[in-house]
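Notes follow once the structure below has been shown.
Residue numbers begin at 1 in each chain, while the letters A, B, ... track the order of the sequences. None of these values were measured; they are calculated from a predicted model.
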Amino acid sequence: MTQAIDLQLDQHEKDVSTMIQASLAQHVIKALQAAQNAQELTLDSLPSEIKIETPRDPSHGDYASNIAMSLAKSAKLPPRKLAEILLPHLQGPLFQEVSIAGPGFINFRLSQAWLLQQLQGLIQANQGFGQQTNGDPETYLIEYVSANPTGPLHFGHGRWAVLGDCLARLMRLAGYSVKTEFYINDTGAQVNNLGASVQACYFQAAQAAGQTLDAEALTLIETYLAEKNAETKGQVQFYHGQYIQTLGLSLFEHQGPAQLAADLGYFSDYAKSAILAEQQAQLKQFGVVFDEWFPESRLHHEQAVAEALKHLKESGKTYEQDGALWFRSSDYGDDQDRVLVKQTGSNTYFANDIAYHWDKLRRGHTRLINLWGADHHGYIARMSAAIQALGYPKEALQVLLGQMVNLFRNGEKVRMSKRTGDMISFGEVLEEVGTDATRFLLMQRSADVTLDFDLELAKSQNSENPVFYVQYAHARICSIFRNAANLQAYDATAWPQASLEALVAPEERILLLKLLSYPDELKFAASQREPHRLATYAQDLAALFHSFYKQCRVLFEKEDVTSEEIALSLARLNLVKATQVVLRNVLVDVFGISAPEVM
RNA sequence: GCGCUCGUAGCUCAGUGGAUAGAGCAACUGACUACGAAUCAGUAGGUCGCAGGUUCAAAUCCUGCCGAGCGCGCCA
């Protein structure tokens with residue numbers, strides 16, 4: 001076991017040097033081993049994971065380990081005694097001081113020389129700073145958005161889009177092998193309903209233009225309008241959004257009466273490809289790109305559903321009852337068994353989805369991550385059951401649920417009606433608010449909480465809007481470097497050759513520690529699949545920079561500048577540069593938004 | 001009724017079983033005749049929904065209850 005840990009750490013030594021927590025964890029493990037070898041300590045086994053944390057109170061140290069407390073019981077030693085045993089074995093150039101405090105914390109204070117060396121490494125790594133290898137052999141496929149091509153993207157889709165995109169970026173930076181995919185439900189009853197709805201509007205347009213319609217067409221218009229204008233709410237068959245009218249009208253404008261005799265499939269194909277194109281354009285504008293757009297129709301074309309059903313049948317995971325084919329999902333933890341083939345002989349959506357997930361796995365993706373709206377949570381158990389019944393481990397499927405978004409305008413909730421199609425679409429919000437602010441506001445909160453999104457706040461270009469706070473820090477830094485290039489008093493552009501020893505102010509140290517923790521933050525957020533953690537990090541980093549900037553003068557524009565001031569200035573420019581690098585990396589590479597040079 | 005998620009400052013929310021629970025906004029007090037005030041420094045604001053339990057240690061884990069949202073189809 002100890003060997004396994006060592007191997008894993010050695011394998012990624014390159015990363016470890018820039019990852020403080022992993023580096024400290026390695027020191028702790030080695031101290032435990034050394035103490036065991038010196039027979040100062042007996043443990044049945046070494047812990048599989050060493051947790052390194054940052055103390056809330058900086059006076060305790062830069063980092064801390066609770067190892068002495070967590071191992072006290074198995075080592076049969078009081079925590080402080082155990083810590084005292086480990087202390088002599090915790091040595092290295094990165095430590096300025098290792099101390100024992102409180103109930104048995106081991107507190108680490110990192111040496112200034114080592115930190116400054118890491119600072120130079122950070123600047124050298126530049127856009128690569130934070131990027132890691134992690135040795136995870138799995139290949140991940142993140143499937144998200146997957147909106148039906150029956151209407152415009154709604155605002156909830158926007159949230160999944162950002163979360164999925166940022167998660168993919170985050171995991172790639174952390175060393176995971178990741179592909180992304182959008183699943184297009186381009187077949188089935190809903191697509192037919194879509195086609196019929198557009199057909200009805202096309203007929204209306206034709207009628208308005210003086211065309212004579214046959215009885216069937218008139219009936220369709222009548223049925224469509226009756227549902228649209230119905231007083232009572234209930235199940236709806238057709239789609240009634242404004243976009244349906246637009247599609248029908250547009251078709252008549254381009255084709256005239258040529259399609260009056262066309263079949264339903266023609267209208268379905270026309271509508272779904274137009275809507276899909278719109279979705280794709282919006283997502284692209286939003287900075288969300290998919291490696292693959294996978295249409296459900298491909299499954300049917302390849303007989304994949306039939307094959308999946310056959311596979312489940314032959315392995316005894318199904319049975320027939322009441323004229324339907326059932327899947328024994330309750331054997332794998334679902335509440336009840338689920339129908340695959342209905343009495344009518346047609347497949348359920350679930351059957352198609354099993355085939356789709358099987359296809360994803362057979363394409364070589366060993367880990368499937370799905371982002372679903374929370375309203376689909378009841379679906380997880382059966383999908384997980386299907387994955388297992390197909391012979392894959394439970395871990396092959398991870399479903400991340402995202403809660404919904406409530407839209408507000410000036411504190412008033414914006415009402416949405418699905419029935420009448422009366423909704424603010426994602427495209428409208430994007431147009432009104434802009435990509436950067438929308439992305440940031442949608443990804444800064446945990447997917448687990450229902451999000452309140454205020455349109456006016458999102459548009460506001462002031463301190464209420466956190467995205468500008470972070471971007472402003474970057475723009476400010478760019479401004480410093482513009483000024484540095486024009487400085488008369490001394491050559492500020494010589495900062496890359498400067499000695500860094502002048503960086504001794506507390507504001508400088510705390511900023512530097514935050515910068516160097518970026519790879520750890522990235523790694524942890526990726527492992528938790530929680531991109532919002534980086535939003536918190538970015539805001540904290542920006543705050544530390546602004547504070548530093550106020551307290552620590554970077555450029556001295558006066559005639560009588562001293563050599564000490566010049567040395568300090570050049571050293572500080574390195575810290576400013578490092579901040580610029582990390583802000584850019586997190587804004588551009590993780591959030592997918594701009595790192596502006598001016599605002 | 002059952003299941004999932006959430007409940008932390010006035011509001012919106014962070015918070016990896018650790019030390020005195022944090023940030024932004026709102027409120028109040030200060031700071032621009034040198035690098036961007038879209039900024040900074042400070043004050044005030046808390047029964048971490050409630051009650052038990054586990055633990056050296058609980059906002060965090062477990063159980064029950066209360067409240068909010070979302071699900072519970074041979075729909076997709």
Interatomic distance at C1', B:U33 relative to B:C28, whole Å | 28 Å
note: A:Y183, atom OH; B:A76, atom C1'; distance rounded to Å ~ 10 Å
Where each residue is assigned the nucleotide of RNA chain B containing its nearest heavy atom, which of A:I480 and A:R533 is assigned the position nearer the 5′ end?
-> A:R533
Nucleotide opposite B:G10 in a Watson-Crick or G-U pair, distances under 3.5 Å = B:C25
Choose from B:C74, B:G18, B:C70 the nucleotide whose nearest atom is closest to any side-chain atom of A:K342.
-> B:C74
Between A:Y356 and A:F294, is the gap from one ring center to the other below 6.0 Å?
-> yes
Using a strict cut-off of less than 4.0 Å between a Lys/Arg side-chain nitrogen and an Asp/Glu carboxylate oxygen, indicate whether A:K558 and A:E565 qualify as a salt bridge.
-> yes
Inter-nucleotide P distance (B:G7, B:U20), Å rounded = 23 Å
If the C1' atom of B:U60 is compared with that of B:U8, how far apart are they to the nearest Å?
-> 11 Å
Using atom C1' of each nucleotide, how far apart are B:G24 and B:A14 to the nearest Å?
-> 10 Å
Compare the minimum distances between each of B:C35, B:C6, B:A14 and the side chain of A:N483, then state the nucleotide with the smallest one.
-> B:C35
State which of B:C70, B:C40, B:G15 makes the closest approach to the side chain of A:D375.
-> B:C70
Within the structure shown, what part of the strands sits under 4.0 Å from A:A484 by heavy-atom distance: base, sugar-phosphate, or nothing?
-> nothing
Give none if B:A38 has no partner; otherwise give the nucleotide forming a Watson-Crick or G-U wobble pair with it, both distances under 3.5 Å.
-> none
Salt bridge (Lys or Arg N to Asp or Glu O under 4.0 Å) assessment of A:R533 paired with A:E521 | CA-CA 8 Å; A:R533 287 173 178 279; A:E521 301 276 354; over 6 Å; no
Decide ring-ring contact (aromatic ring centres under 6.0 Å, His included) for A:Y144 and A:W160; before the verdict, give the C-alpha distance in whole Å, the side-chain angles of both, and the deciding distance to 0.1 Å.
-> CA-CA 6 Å; A:Y144 62 108; A:W160 322 145; over 10 Å; no
If only side-chain N and O atoms of A:Y379 are considered, is one of them under 4.0 Å from the OP1 or OP2 phosphate oxygen of B:G3?
-> no
How is A:H60 classified with respect to the nucleic acid when contacts are heavy atoms under 4.0 Å: base, sugar-phosphate, or nothing?
-> base
A:K459, NZ atom: more than 12 neighbouring heavy atoms under 6.0 Å | yes
Of the candidates B:A76, B:A14, B:C70, the side chain of A:S446 sits closest to B:A14
Contact class for A:A64 (heavy atom, under 4.0 Å): base, sugar-phosphate, or nothing?
-> base
Do A:H377 side-chain and B:G3 base share a donor-acceptor contact under 3.5 Å?
-> yes
Rounding to the closest angstrom, what is the interatomic distance between B:G18 and B:A57 at atom P?
-> 14 Å
Looking only at N and O atoms, is any donor in the side chain of A:K550 or the base of B:U39 less than 3.5 Å from an acceptor on the other one?
-> yes
Separation between OG1 (A:T579) and CG (A:L511), nearest 0.5 Å, reads 4.0 Å
No-H, no-angle donor-acceptor pair, A:N192 side chain to B:A76 base, under 3.5 Å | no
What about A:F440 and A:F591, are their ring centers closer than 6.0 Å?
-> yes
Across all strands, who's sitting opposite B:C61 as a Watson-Crick or G-U wobble pair, both distances under 3.5 Å?
-> B:G53
Hey, is NZ on A:K523 packed in by over 12 heavy atoms from elsewhere, all under 6.0 Å?
-> no
Return the value, rounded to whole Å, for the distance between atom CD1 of A:I106 and atom P of B:A19.
-> 17 Å
Select base, sugar-phosphate, or nothing to describe what A:E597 touches, counting heavy atoms under 4.0 Å on all strands.
-> base
More than 12 foreign heavy atoms under 6.0 Å from CG of A:L401: is that the case here?
-> yes
Separation of B:A14 atom C1' from A:M443 atom CE, nearest Å, is 13 Å
Do we count A:Y349 as stacking onto B:C75 if the rule is ring centres under 5.5 Å and planes under 30°?
-> no
Listed nucleotide nearest any side-chain atom of A:R553, set B:C74, B:A76, B:C35 | B:C35
In whole angstrom, give me the gap between the P atoms of B:A44 and B:C62.
-> 37 Å
Base, sugar-phosphate alone, or nothing: which one does A:N107 contact when heavy atoms must sit under 4.0 Å apart?
-> base
A:K51 with A:E53: basic N within carboxylate O range, under 4.0 Å | yes
Under 5.5 Å between ring centres and under 30° between planes: true for A:F105 and the base of B:G18?
-> no
How is A:V598 classified with respect to the nucleic acid when contacts are heavy atoms under 4.0 Å: base, sugar-phosphate, or nothing?
-> base
So which nucleotide from B:G18, B:G15, B:C74 ends up closest to the side chain of A:K51?
-> B:G18
Tell me which nucleotide among B:G69, B:A76, B:C35 gets nearest to the side chain of A:Q190.
-> B:A76
Determine the contact category for A:A374: base if any of its heavy atoms lies under 4.0 Å from a base atom, sugar-phosphate if only primed atoms, P, OP1 or OP2 are that close, otherwise nothing.
-> sugar-phosphate
Mind checking who B:C2 pairs with, Watson-Crick or G-U wobble, both distances under 3.5 Å?
-> B:G71
Can you find a side chain N or O atom of A:S479 that sits less than 4.0 Å from OP1 or OP2 on B:G36?
-> yes
Please work out if A:D322 contacts a base, only the sugar-phosphate, or nothing of the nucleic acid, heavy-atom cut-off 4.0 Å.
-> base
Under 30°, 30 to 60°, or over 60°: which ring-plane class applies to A:F327 and A:Y332, parallel, tilted or perpendicular?
-> parallel
Interatomic distance at C1', B:C25 relative to B:G45, whole Å = 13 Å
Within the sub-3.5 Å range, which N or O atoms of nucleotides 56-60 of chain B have a protein N or O partner, and how far apart are they?
| unit_1 | atom_1 | unit_2 | atom_2 | d |
| --- | --- | --- | --- | --- |
| B:C56 | OP1 | A:K73 | NZ | 3.1 |

Look at the side-chain N and O atoms of A:S547 and state whether any lies under 4.0 Å from the OP1 or OP2 oxygen of B:A41.
-> yes
5' precedence on RNA chain B between A:Q343 and A:D452 (nearest-nucleotide basis) = A:D452
If you check every side-chain atom of A:E557, which of B:G71, B:C35, B:C13 has the closest atom?
-> B:C35
What is the nucleic acid contact for A:V449, judged by heavy atoms within less than 4.0 Å: base, sugar-phosphate only, or nothing?
-> sugar-phosphate
Which base sits across from B:A19 as a Watson-Crick or G-U pair, both distances under 3.5 Å?
-> none
Could you check whether A:Q21 gets within reach of a base, just the sugar-phosphate, or nothing at all, counting any heavy atom under 4.0 Å?
-> base
Hunt down the Watson-Crick or G-U wobble partner of B:G45, both distances under 3.5 Å, from any strand shown, or write none.
-> none
Taking the side chain of A:R476 as heavy atoms from C-beta outward, which of B:C35, B:A76, B:G36 is closest to it?
-> B:G36
Select base, sugar-phosphate, or nothing to describe what A:C552 touches, counting heavy atoms under 4.0 Å on all strands.
-> base
Is A:H546 near enough to B:A38 that one of its side-chain N or O atoms lies under 4.0 angstrom from OP1 or OP2?
-> no
To the side chain of A:F524, which of B:U16, B:C4, B:A76 is closest?
-> B:U16
B:A9 and B:C70: how far apart are their C1' atoms, nearest whole angstrom?
-> 28 Å
Between atom OG of A:S329 and atom CG of A:D337, what is the distance when rounded to the nearest 0.5 Å?
-> 5.0 Å
